[in-house]
Amino acid sequence: QLNAAAFYYDYNDKQIIGTVLNNPFGPITQLVNVPKARVRGVEMELVLQPVEGLRIGNSVTLVDSKVEKNPNPPGQPRDPLGTLVDFRGERFPNTPRWQTVSDAEYRFGLGSDMTVSAGGTYVYRSASNAGLGENPVFRIDGYGLLDLRLGLESNAGWRVQIWGRNVTNQYYWNNVAKIQSTVTRQPGNPATYGITLGYKM
């Protein structure tokens, strides 16, 4: 099964989290109006079932965002540190160009009333910038995360699943922000493991 879609957005006065100078506080975070901007992209999803019980899926999203005109009045387009910059031609903050999700799961019967499932999911997103101005201090590098799972279900209604998230212990940042005079980076969760129990009446 193959699904695909294309999209295009043309914005006038789009509001984006930006930075303005506010004396005596200096640069502060605030919504800014971008007079002209656009987003275009494509999404594709492919689902395969090559043999009974095996499902393989992969989705890819390409997002091409662009600021076409600087905010008004003149002097407003500033990066999070307050430096006067030119936003034209750059992408929206926290908007990676590429995102992919790959998932595979195999299910098979165990006896007459049990089902075993084993699967994994890999998610990747390319680099982005946490603030307008593309200051390298606020760059978020691309990263990929691998999750694994193993489950057992009963026809009687109970189920148990052992799972691991970010099993490769990939170090990555969710966000970069300026708080007063300090730049902070928020890391994502490290390798995490757990067990989920459930029962369906």
Side-chain angles (χ1 to χ4, degrees), residues 3-46 57-103 121-145 147 165-166 170-190:
N3 303 313
F7 52 89
Y8 179 84
Y9 298 94
D10 186 15
Y11 294 103
N12 292 315
D13 291 326
K14 178 176 177 59
Q15 290 189 320
I16 297 179
I17 296 293
T19 302
V20 298
L21 288 183
N22 186 315
N23 292 325
F25 301 105
I28 61 172
T29 300
Q30 180 177 301
L31 283 174
V32 298
N33 288 329
V34 175
K36 190 71 174 174
R38 59 103 173 125
V39 175
R40 61 189 180 190
V42 293
E43 297 176 330
M44 296 188 68
E45 180 187 33
L46 177 65
N58 186 73
S59 63
V60 179
T61 303
L62 168 63
V63 178
D64 179 25
S65 60
K66 184 178 180 181
V67 175
E68 297 181 326
K69 289 185 179 180
N70 280 316
N72 290 318
Q76 191 173 357
R78 295 179 181 272
D79 71 10
L81 299 181
T83 305
L84 187 63
V85 294
D86 187 351
F87 293 162
R88 290 174 298 179
E90 71 175 62
R91 301 200 304 268
F92 294 170
N94 297 303
T95 307
R97 185 179 299 274
W98 291 98
Q99 297 185 74
T100 66
V101 179
S102 300
D103 184 87
T121 302
Y122 182 77
V123 178
Y124 171 79
R125 58 179 289 167
S126 60
S128 62
N129 200 288
L132 286 168
E134 296 186 339
N135 189 313
V137 173
F138 296 87
R139 175 183 169 87
I140 300 176
D141 292 333
Y143 59 87
L145 304 177
D147 299 342
R165 297 170 184 160
N166 187 15
Q170 172 72 43
Y171 181 79
Y172 64 101
W173 298 332
N174 281 322
N175 192 33
V176 183
K178 177 181 176 293
I179 301 177
Q180 296 181 349
S181 60
T182 303
V183 174
T184 64
R185 295 181 174 90
Q186 179 182 345
N189 290 329

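The model shown is predicted, which means the values in this text are computed figures rather than measured ones. Just the heavy atoms: all of them, side chains too, but no hydrogens, waters or symmetry mates, feed the values below.
- The shortest non-hydrogen separation linking Trp173 to Tyr143 is O-CE2, 3.9 Å.
- Once rounded to the nearest 0.5 Å, the distance linking CZ of Arg139 with CZ of Arg185 reads 12.0 Å.
- Pro93 has its side chain within reach of Ile16: a pair of non-hydrogen atoms, C-beta onward, lies under 4.5 Å apart.
- Note: Arg78 CZ to Thr19 OG1 = 10.0 Å, rounded to the nearest 0.5 Å.
- By the 4.5 Å heavy-atom criterion applied to side chains, Val183 and Val176 are counted as neighbours.
- For Asn175, the side-chain contact (heavy atoms from CB on, under 4.5 Å) partners are Asn94, Ala130, Ala177, Gln186, not counting sequence neighbours.
- Taking 4.5 Å as the limit, some side-chain heavy atom of Leu132 sits within range of a side-chain heavy atom of Val32.
- Remark: Phe7 CZ is packed, more than 12 non-hydrogen atoms of other residues, nucleotides or ligands lying under 6.0 Å away.
- Asn166 places a side-chain N or O within donor-acceptor distance of the main-chain N or O of Asn189, the cut-off being under 3.5 Å.
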Below 3.5 Å, can you tabulate the donor-acceptor pairs from side chains in residues 58-71 to any protein atom, sequence neighbours excluded?
| from | atom 1 | to | atom 2 | distance (Å) |
| --- | --- | --- | --- | --- |
| Asn58 | OD1 | Ser102 | OG | 2.3 |
| Asp64 | OD1 | Arg97 | NH1 | 3.4 |
| Asp64 | OD2 | Arg38 | NH1 | 3.2 |
| Asp64 | OD2 | Arg40 | NE | 3.0 |
| Asp64 | OD2 | Arg40 | NH2 | 3.4 |
| Ser65 | OG | Phe92 | N | 3.0 |
| Asn70 | OD1 | Phe87 | N | 2.8 |
| Asn70 | ND2 | Asp86 | OD1 | 2.9 |

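- Taking the side-chain contact (heavy atoms from CB on, under 4.5 Å) definition, one finds that Ile179 meets it with Thr184, sequence neighbours left out.
- Panel note: side chain Glu90, backbone Gly133; a donor-acceptor pair is recorded below 3.5 Å.
- The nearest pair of heavy atoms linking Gly131 to Phe138 is N-CB, 4.3 Å.
- With values rounded to the nearest 0.5 angstrom, Ile140 atom CD1 is found 11.5 Å from Tyr172 atom OH.
- Residues Val20 and Ile28 have side chains in contact (heavy-atom distance under 4.5 Å, counting atoms from C-beta outward).
- Note that NZ of Lys14 is 11.5 Å distant from CG of Asp10, once rounded to the nearest 0.5 Å.
- A 4.5 Å side-chain heavy-atom check between Pro27 and Lys178 finds at least one atom pair inside the cut-off.
- The side-chain heavy atoms of Asn12 and Lys36, taken from C-beta on, include a pair separated by under 4.5 Å.
- The OG1 atom of Thr100 sits 13.5 Å away from the CE atom of Met44 when rounded to the nearest 0.5 Å.
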